[in-house]
Amino acid sequence: MSLFLCVDCGGSKTSAVIADRSGTILGRALGGPSNFAYMSATAFTDAVRVAVSNALKTCVSPPSIDPVSLPPNTEIFASAWFGISGVDSLAAIANASAALSALLGIPLGPRLVVANDTHLLAAPLRLHPDIKNAVAAISGTGSCVVSFQHEPTGMLSELARTGGWGWILGDEGGGFHVGRETMRQMMYDAARSSLGMEPLPPSSLKAKVLERFGIEGVENAPEVLPVVHLPEPSTAEGAASVPSYLLVAREKRLSQLAPLVFEAAFKDKDPFALNVLKVCAEGLADQIAMLCREPGEDPSLKPRAVEANEAVLCFGGSLVGIEDYRALIHEALAKKGHVFKYVEFVEDAAAVGAVGLA
């Protein structure tokens with residue numbers, strides 16, 4: 001059997017898609033988070049196993065009710081392409097490749113391609129023969145920006161990258177940043193209040209955040225600080241005595257605020273929430289701009305930079321799937337003088353990758 005597998009491994013979910021040689025998608029399934037930087041090799045492999053095993057159910061004959069066990073008894077994959085969040089070094093690629101080779105029964109080599117998840121996003125570059133560069137920007141739970149060049153061989157080669165540093169050091173424009181910036185702005189406004197400055201107008205976002213964490217009154221906003229800093233309980237006894245939100249990993253307490261921020265900004269038209277998203281959009285725009293050459297800039301200063309007006313900007317991830325948020329990023333980029341010739345949002349990177357492999 002000649003199946004072509006593509007798996008998009010992210011901080012929130014694992015998406016596996018399987019196609020046949022004609023490019024017809026035969027199976028797809030989701031699994032749990034699989035950011036390679038945040039979990040053990042075993043936990044990463046288990047997340048991939050769940051997604052791929054379930055995707056295979058409709059690919060075998062006869063179709064299976066139960067997940068197909070891995071590694072397979074026979075060689076079923078012609079090739080596989082993995083785009084993995086958190087794979088940002090040669091050592092990480094080698095470690096992930098070894099685990100995936102054992103899981104899928106695919107020998108290490110050209111049939112098993114393992115790279116950062118931004119590589120899947122750059123696929124639309126092949127659709128535009130008049131340009132040779134792409135910038136792929138992921139903004140989901142975290143964020144990462146990578147630029148690519150279309151080689152004469154038809155392959156895409158990485159030029160430069162920034163971001164993908166995790167929730168403590170970066171992830172500008174991603175869910176972690178949105179949650180973190182919300183908390184920061186709330187603390188800043190609490191400081192204004194302590195100075196006796198003019199009260200700010202009510203904010204639906206502040207009310208939603210305080211309600212989420214069981215805090216009454218905006219004047220008590222500083223009580224959210226333990227929500228950010230307290231670690232999750234290490235014992236079952238400890239877990240039984242704390243609020244449910246403290247059972248969530250600290251970074252997730254921040255990223256899970258993103259839906260509240262987007263709802264307040266774009267549905268409630270809350271100026272406070274909109275300002276939070278503008279700050280985050282500008283952070284992601286700064287990283288995109290870092291990989292670009294400014295108009296009139298000496299090419300020798302950044303030899304591997306791309307010119308936006310001769311490149312495609314490829315977005316991927318849940319946050320940039322929201323058109324209003326992408327508009328804020330475009331606005332911030334335009335102010336910096338970077339207007340891309342083409343802009344694409346890749347909604348289903350795993351499907352694009354599987355069809356491309358076939």
> Can you tell if the side chain of Leu56 reaches within under 4.5 Å of the side chain of Val52, non-hydrogen atoms only?
Replying inline: yes
> What pairs of residues pass the ring-ring contact (aromatic ring centres under 6.0 Å, His included) test when at least one of them lies in residues 339-358, not counting sequence neighbours?
Replying inline: His128-Tyr342
> So how far is it from His177 NE2 to Ser255 OG, rounded to the nearest 0.5 Å?
Replying inline: 13.5 Å
>> What I'd like to find out is whether the side chain of Asp348 reaches to under 4.5 Å of the side chain of Arg28, using heavy atoms alone.
In response: yes
> How far apart are the closest heavy atoms of Ala273 and Val261, and which atoms are they?
Replying inline: CB-O, 3.8 Å
> Quick one: CG on Asp171 to CG on Leu284, what's the gap to the nearest 0.5 Å?
Replying inline: 10.5 Å
> Atom OG1 in Thr141, atom CZ in Phe176: separation rounded to 0.5 Å?
Replying inline: 6.0 Å
> Are Phe77 and Leu112 close enough that some pair of their side-chain heavy atoms sits under 4.5 Å apart?
Replying inline: no
> Which residues pass the salt bridge (Lys or Arg N to Asp or Glu O under 4.0 Å) test with Arg180, sequence neighbours left out?
Replying inline: none
> Who passes side-chain hydrogen bond (donor to acceptor under 3.5 Å, both in side chains) against Lys341, sequence neighbours left out?
Replying inline: Asp130
>> Just checking Glu219: does its CD atom have more than 12 heavy atoms from other residues, nucleotides or ligands closer to it than 6.0 angstrom?
In response: yes
>> For Ala55 versus Ala29, what's the shortest heavy-atom pair and its separation?
In response: N-CB, 3.5 Å
> Do other residues, nucleotides or ligands put more than 12 heavy atoms under 6.0 Å from Leu301 CG?
Replying inline: yes
>> If you define the side chain from C-beta out and look only at heavy atoms, does anything of Leu5 sit under 4.5 Å from Phe82?
In response: yes
> For Phe272, which residues count as a ring-ring contact (aromatic ring centres under 6.0 Å, His included) partner, sequence neighbours excluded?
Replying inline: none
>> More than 12 heavy atoms of other residues, nucleotides or ligands under 6.0 Å from NZ of Lys278: yes or no?
In response: no
> Tell me the ring-ring contact (aromatic ring centres under 6.0 Å, His included) pairs involving residues 47-69, sequence neighbours left out?
Replying inline: none
>> Any salt bridge linking Asp8 with Lys13? Criterion: basic side-chain nitrogen under 4.0 Å from a carboxylate oxygen.
In response: no
>> Within this structure, what is the OG-CD1 distance for the pair Ser147 and Ile288, rounded to the nearest 0.5 Å?
In response: 11.5 Å
> Just wondering, do Val339 and Leu333 contact through their side chains at under 4.5 Å, heavy atoms?
Replying inline: no
>> Other residues, nucleotides and ligands only: do more than 12 of their heavy atoms fall within 6.0 Å of CD on Glu211?
In response: no
> Does Lys335 have any salt bridge (Lys or Arg N to Asp or Glu O under 4.0 Å) partners at least two apart in sequence or in another chain, and if so, which?
Replying inline: Glu331
> For Glu307, what residues pass the salt bridge (Lys or Arg N to Asp or Glu O under 4.0 Å) criterion, not counting sequence neighbours?
Replying inline: Arg293
>> Quick test of your reading: applying ring-ring contact (aromatic ring centres under 6.0 Å, His included), list the pairs with at least one residue in residues 5-51, sequence neighbours left out, ordered by first then second residue.
In response: Phe36-Phe44
> Counting N and O atoms only, with roles assigned by atom type, does the side chain of Arg253 sit under 3.5 Å from a partner on the main chain of Val227, one being a donor and the other an acceptor?
Replying inline: yes
>> Rounded to the nearest 0.5 Å, what separates atom CG in Leu205 from atom CG in Leu277?
In response: 8.5 Å
>> With a 3.5 Å distance limit and no angle check, can you tell me whether Ser15 reaches the backbone of Leu30 through a side-chain donor-acceptor pair?
In response: no
>> Tell me which pairs pass ring-ring contact (aromatic ring centres under 6.0 Å, His included) where either residue lies in residues 192-230, with sequence neighbours left out.
In response: Phe213-Tyr245
> Can you tell if the side chain of Phe266 reaches within under 4.5 Å of the side chain of Leu274, non-hydrogen atoms only?
Replying inline: yes
>> Clusters formed by hydrophobic residues whose side-chain heavy atoms approach within less than 4.5 Å: which one holds Val50, and what are its other members?
In response: none
> SG/Cys144 to CG/Asn116 distance, rounded to the nearest 0.5 angstrom?
Replying inline: 4.5 Å
>> Tell me whether Ile65 at atom CD1 has more than 12 heavy atoms from other residues, nucleotides or ligands lying less than 6.0 Å away.
In response: no
> So, do Leu291 and Leu159 sit near enough that their side-chain heavy atoms are less than 4.5 Å apart?
Replying inline: no
>> Between Asn133 and Ala311 (side chain of the first, backbone of the second, donor and acceptor by atom type, cut-off under 3.5 Å), is there such a pair?
In response: no
>> Going by the rule salt bridge (Lys or Arg N to Asp or Glu O under 4.0 Å), which residues pair with Glu181 if we only count those two or more places apart in sequence or in a different chain?
In response: Arg184
> Same cluster for Ile25 and Leu3 if Ile/Leu/Val/Met/Phe/Trp/Tyr side chains link at under 4.5 Å?
Replying inline: no
> Does anything in residues 294-305 pair up under side-chain hydrogen bond (donor to acceptor under 3.5 Å, both in side chains), and if so which pairs, sequence neighbours excluded?
Replying inline: Asp298-Ser300
> Nearest heavy-atom pair of Asn220 and Ile215: which atoms, and what distance?
Replying inline: O-CG2, 3.5 Å
> Does the pair Ser40 and Thr42 meet the rule for a side chain to side chain donor-acceptor pair (under 3.5 Å), with working shown?
Replying inline: CA-CA 5 Å; Ser40 67; Thr42 299; 4.7 Å; no
> If you take all heavy atoms of Val355 and Gly23, which pair is closest and at what distance?
Replying inline: CG2-O, 3.5 Å
>> Using side-chain contact (heavy atoms from CB on, under 4.5 Å), reason through Ile138 and Ser143 one step at a time and then give a plain yes or no.
In response: CA-CA 5 Å; Ile138 288 180; Ser143 70; 5.7 Å; no
> Does Tyr325 reach the main-chain N or O of Gly173 with its side chain, forming a donor-acceptor pair under 3.5 Å?
Replying inline: yes
>> So which atom in Ala78 and which in Arg111 form the shortest heavy-atom distance, rounded to 0.1 Å?
In response: O-NE, 2.9 Å
> Under a 4.5 Å cut-off applied to non-hydrogen side-chain atoms, are Cys9 and Val48 in contact?
Replying inline: yes
> Between Ala92 and Gly86, which heavy-atom pair has the shortest distance, and what is it?
Replying inline: CB-O, 4.5 Å
>> With side chain to side chain contact (heavy atoms under 4.5 Å, CB included) as the test, pick out the partner of Ser97 among Ile106, Ile84, Val87, Val114.
In response: Val114
>> Checking the side chain of Thr58 only, and the main-chain atoms of Leu26 only, is there a donor and an acceptor separated by less than 3.5 Å?
In response: yes
